[in-house]
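Reviewing the structure listed below.
All ligand and atom numbering here is 1-based and tracks the order in the structure.
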Amino acid sequence: MEVDAPNDETKVFSGEACGKAILFGEHSVVYARPAIAIPVKCVKAQAFVYTETDDPGVLYARDIDRRVEFSDTENRSALARLLRKIVALFELEDFRWKVEVTSTIPIGSGMGSSAAVAAAIIKAMASALGRNLTPRELSGLVYETEMLYHGSPSGIDNTVITMEKPVWFIQGEPPEVLRVARPFTIVLGNSGRPSRTKDVVNMVRYRWKSEPEKFETLFDEIAAVVRRGRKAVETGNISEIGALMNKNHELLKAMGVSSNHLDRLVNAARNAGAIGAKLTGAGKGGVIIALAMPDKVKNVRDALRRAGAKEIFETTIEANR
Ligand code: MEV
């Protein structure tokens, strides 16, 4: 999208992308099992591309006070690598634009910050180049950038962030937009302890290799939860969605990806009346999600805050049929 220029000399192009949460199936999705993810639209990443500027080719991340120059090829930081990757994906020979990015998605929280930042920049750059990307093309480009941080991502983050709808996802298969029979509200509580997806995914891989039978069984049990979860969402069986979230959390605990802080938040949400609660994303830190009926949302938010949540978000997944 082209936006109002701050002065006549400068052209500005913008792009934005929302956050996400995994409702069911994180980790097992890396092992060809299904998962369900939802967009979280109350948080977002935004990027602005200035095509007429005196700066050299640069990327500014205002919230974290970082600036990287495209010509500084020695810079190995995540942002510098992201900029180089995106410029390469667009096959630009030279890069002299200024890109500014800002995001309200907590970093290392399991809410898709890296995919959303990349999606926002790619959208803004595509707009500056006069290129129309389909959601599928955009998702593919974001996936390429995700490989910089996550090694072997399943592709669920870039998929849900670019589709901006609840999705049923199996690696290597076309994603499906999930039918939602009844709206439901999810409260998210951030433990304030970031974790690196790559590290937790590697830890699970290590454990899976040393105890393949145990982990294959856990992945299959989670897959069964995800399939039942799909049915519950499609039929509007809210109490079943909650019960399955609880079950999914127990299975994630058995995989070793929860933590005392996450368990404390999950328990606080349940005790405050949430129908179900679980960690979401890679785990070992980041956020938890809780399913709450509208009359319990405030209780759940207050309880999460008392249990130490540093930030609380809320999103309602609307019915679509
Ligand atoms: C993604 O948000 C969470 C994991 O399932 C990793 C992946 O799918 O790539 C843990």
Per-atom filter on ligand 1: closer than 4.0 angstrom to a heavy atom of Val29 are 5 (O), 8 (O)
N/O donor-acceptor pairs under 3.5 Å from side chains in residues 169-184, not counting sequence neighbours:
from, atom 1, to, atom 2, distance (Å)
Glu176, OE1, Arg230, NH2, 2.7
Arg182, NH1, Gly236, O, 3.3

Residue and atom name of the nearest protein heavy atom (relative to atom 1 (C) of ligand 1), distance in Å to one decimal: Asp157 OD1, 3.4 Å
In ligand 1, the atoms that come under 4.0 Å of a heavy atom of Ile156 are 8 (O)
Is the shortest heavy-atom distance from the side chain of Ile105 to the side chain of Val117 under 4.5 Å? no
With a cutoff of 4.0 Å, is His27 in contact with ligand 1, counting heavy atoms of the residue only? yes
Heavy-atom contacts under 4.0 Å between Lys20 and ligand 1: side chain, backbone, both, or neither? side chain
Could you say whether the N/O atoms of Thr197 and ligand 1 ever approach to under 3.5 Å? no
Under the side chain to side chain donor-acceptor pair (under 3.5 Å) criterion, do Asp263 and His249 qualify, and how do the steps go? CA-CA 9 Å; Asp263 291 342; His249 185 71; 2.9 Å; yes
What protein heavy atom sits nearest atom 3 (C) of ligand 1, and how far off is it? Ile22 CD1, 4.0 Å
Are any of the N/O atoms in Ser152 less than 3.5 Å from those in ligand 1? no
Using a strict 4.0 Å cut-off to heavy atoms of Glu26, name the atoms of ligand 1 that fall inside it. 5 (O)
Before accepting this row, confirm whether a basic side-chain N of the pair Lys214/Glu221 lies closer than 4.0 Å to the acidic partner's carboxylate O. no
Does the pair Lys123/Glu16 count as a salt bridge with the N-to-O cut at 4.0 Å? no
Side chains of residues 287-304: which donor-acceptor pairs under 3.5 Å do they make with residues two or more places apart or in other chains?
from, atom 1, to, atom 2, distance (Å)
Lys298, NZ, Asp302, OD2, 2.7
Arg301, NH1, Glu314, OE1, 2.6

Heavy-atom side-chain contact between Trp208 and Tyr31 under 4.5 Å: yes
Under 4.0 angstrom from ligand 1, any heavy atom of Glu146? no
Would you mind listing which atoms of ligand 1 come within a distance below 4.0 Å of any non-hydrogen atom of Pro153? 9 (O)
Close side-chain approach of Tyr50 to Glu100, heavy-atom, < 4.5 Å: yes
Would you call Arg67 and Glu69 a salt bridge, taking side-chain N to carboxylate O under 4.0 Å as the test? yes
Atom 9 (O) of ligand 1: closest protein heavy atom, distance to 0.1 Å, is Ser154 N, 2.8 Å
With backbone taken as N, CA, C and O and side chain as the heavy atoms from C-beta onward, which portion of Val200 lies under 4.0 Å from ligand 1: side chain, backbone, both, or neither? neither
